Colleague: 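Can you read through this structure? Questions will come right after.
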Number of protein chains: 2
Amino acid sequence: MGVFSKTCEYGIRAVLFIAHKTASGGRVGIKEIATGIDSPEHFLAKILQDLSRKGLVQSAKGPNGGFYLDGKALRRPLSEVVEAIDGDGLFTGCALGLKQCSEINPCPLHNQFKLIRTEIQDLLQNAEIGTFNNELALGIRSLKR
Amino acid sequence: MGVFSKTCEYGIRAVLFIAHKTASGGRVGIKEIATGIDSPEHFLAKILQDLSRKGLVQSAKGPNGGFYLDGKALRRPLSEVVEAIDGDGLFTGCALGLKQCSEINPCPLHNQFKLIRTEIQDLLQNAEIGTFNNELALGIRSLKR
DNA sequence: GAAATAAAAGAGTTTTTTATCTTTTATTAA
DNA sequence: TTAATAAAAGATAAAAAACTCTTTTATTTC
């Protein structure tokens, strides 16, 4: 098991790919995105439809259509993409799956995982989608393989 | 999504429960374990069969039979239970699901998640199964709800 | 050695996740 | 206003994870 669901992995990679590809305007089609992040095209289409409905990515139909990110979307933290797809379980859930795990009813790993979860949340909340464009443009970060 | 699979959550909780219940000798049956950690009995049976084959828990059939942990098993770190069930993906995998993500071919989140993964691995490697018995006996740690 | 006990093993089912294929709708441009 | 383009939507399908039920095997006790 990874930290994110496969759906969420594809979603994050796609959003970063779109941000990078449309940095200087224009749109990018689902085929190019799927190839660019090595994901199943139609499955990714579903994911992006969902993110589009939620306003996390923008899209346009027809010739010259495709996906892109407006200014606001570019400034969103990755945590919002994660929450939109996987929910906030990663940030708030119990490591051992206990529904009522809390400070007053802690599981054996509660204290230690609280720290970990907070770290993950912090890092994702501080990771603006647009900030990865530089390194992607330089080719020193990969979104496939 | 949690950090562990449901199977792994049950596995960890069961192992800690067995350790606690058999701390002063004896065995504990599958029914009592399933009730004690609030898990589906037959599903848990499968998990414990697997852990038993791998030597992470001990078992005995027949009257007075049940599950227990020998001295060695009690001193094992929780990381071994996790690895036995979920594999080492949590410790070594890429957050974005890239097969070849590494120092020389990093994904955008590689550096930050490397730290997180190491922290999780460290905490599980330093968490001996038997060390939770105290707090479980005191009732200040929960394995159900 | 027969009866009772309890885990192991086998054989499913259900649910969720991941993935595919087809049809529809919106947009553009000739 | 027709043809081409590209996302949206709908309908399935395949695979994996989670869960259930039944039969078998090993062990103990009488």
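These figures come from a predicted structure and were not determined experimentally. We name chains A, B, ... by the order of the sequence lines, and we start the count at 1 in each one.
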Colleague: Hey, is B:Lys54 close enough to B:Asp50 for a salt bridge, meaning N to O under 4.0 Å?
Modeller: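 Looking at B:Lys54 and B:Asp50, the cut-off is met.
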Colleague: What residues in residues 43-51 of chain B put a non-hydrogen atom under 4.0 Å from any atom of DNA chain C?
Modeller: B:Lys46, B:Gln49
Colleague: Can you list, by residue number, the residues of residues 58-67 of chain A that have a non-hydrogen atom closer than 4.0 angstrom to DNA chain C?
Modeller: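 Of all residues in residues 58-67 of chain A, the ones placing a heavy atom under 4.0 Å from DNA chain C are A:Lys61, A:Gly62, A:Pro63, A:Asn64.
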Colleague: Using the side-chain contact (heavy atoms from CB on, under 4.5 Å) criterion, which residues pair with A:Ser52? Sequence neighbours excluded.
Modeller: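 A:Ser52 satisfies side-chain contact (heavy atoms from CB on, under 4.5 Å) with A:Val57, A:Ser59 once adjacent residues are dropped.
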Colleague: Quick one: B:Glu32 CD to C:dT5 C1', roughly how many Å, whole number?
Modeller: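 After rounding, the reported distance stands at 15 Å.
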Colleague: First contact, last contact: which nucleotides of DNA chain D are these for chain B, 5' to 3', heavy-atom distance under 4.0 Å?
Modeller: D:dA18 to D:dT29
Colleague: B:Thr118: what forms a side-chain contact (heavy atoms from CB on, under 4.5 Å) with it, not counting sequence neighbours?
Modeller: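 Applying side-chain contact (heavy atoms from CB on, under 4.5 Å) to B:Thr118 gives B:Asp122.
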Colleague: Could you give all pairs that pass the side-chain hydrogen bond (donor to acceptor under 3.5 Å, both in side chains) test and reach residues 90-113 of chain B, with sequence neighbours left out?
Modeller: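 For residues 90-113 of chain B, and leaving out neighbouring residues, the side-chain hydrogen bond (donor to acceptor under 3.5 Å, both in side chains) pairs sorted by first residue read B:Glu103-B:His110, B:Glu103-B:Lys114.
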Colleague: Report the end-to-end axis angle of the helix from C:dG1-D:dC30 to C:dA30-D:dT1; each axis comes from five terminal pairs, and the value is rounded to 10°.
Modeller: 0°
Colleague: Could you walk me through whether A:Arg145 and B:Leu98 pass side-chain contact (heavy atoms from CB on, under 4.5 Å), step by step?
Modeller: CA-CA 5 Å; A:Arg145 304 241 157 75; B:Leu98 303 184; 5.9 Å; no
Colleague: Among Ile, Leu, Val, Met, Phe, Trp and Tyr joined by side-chain contacts under 4.5 Å, find the other residues sharing a cluster with A:Ile104 and list them by chain and number.
Modeller: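 Members alongside A:Ile104: none; it stands by itself.
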Colleague: Under 3.5 Å, which donor-acceptor pairs link side chains of residues 11-21 of chain A to any protein atom two or more places apart or in another chain?
Modeller:
| from | atom 1 | to | atom 2 | distance (Å) |
| --- | --- | --- | --- | --- |
| A:Arg13 | NE | A:Leu143 | O | 3.1 |
| A:Arg13 | NH1 | B:Leu96 | O | 3.0 |
| A:Arg13 | NH2 | A:Ile37 | O | 2.3 |

Colleague: So, using ring-ring contact (aromatic ring centres under 6.0 Å, His included) as the criterion, who are the partners of A:Phe132 when residues are at least two apart?
Modeller: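 A:Phe132: no ring-ring contact (aromatic ring centres under 6.0 Å, His included) contacts found.
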Colleague: With nearest nucleotide decided by heavy atoms, which residue, A:Arg27 or B:Val28, maps closer to the 5′ end of DNA chain C?
Modeller: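 By nearest-heavy-atom nucleotide position, the 5'-most residue is B:Val28.
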Colleague: Sorted by first residue and then second, give each ring pair (Phe, Tyr, Trp, His ring centres under 6.0 Å) pair with at least one member in residues 45-99 of chain A; sequence neighbours left out.
Modeller: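 Of all non-adjacent pairs touching residues 45-99 of chain A, none passes ring pair (Phe, Tyr, Trp, His ring centres under 6.0 Å).
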Colleague: Give a yes or no on whether the backbone of B:Gly93 and the side-chain of B:Arg117 come within a donor-acceptor separation of less than 3.5 Å.
Modeller: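 Here the side-chain-to-backbone pair exists.
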Colleague: Measure the spacing between CG of B:Asn133 and CD of B:Glu128 and express it to the nearest 0.5 Å.
Modeller: 11.0 Å
Colleague: Does A:Tyr10 have a side-chain nitrogen or oxygen under 4.0 Å from the phosphate oxygens OP1 or OP2 of C:dA19?
Modeller: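 True: A:Tyr10 side-chain N/O within range (under 4.0 Å) of C:dA19 OP1/OP2.
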Colleague: Would you mind classifying the nucleic acid contact of A:Arg53 as base, sugar-phosphate or nothing, using non-hydrogen atoms under 4.0 angstrom?
Modeller: sugar-phosphate
Colleague: Tell me the side-chain hydrogen bond (donor to acceptor under 3.5 Å, both in side chains) pairs involving residues 22-45 of chain A, sequence neighbours left out?
Modeller: none
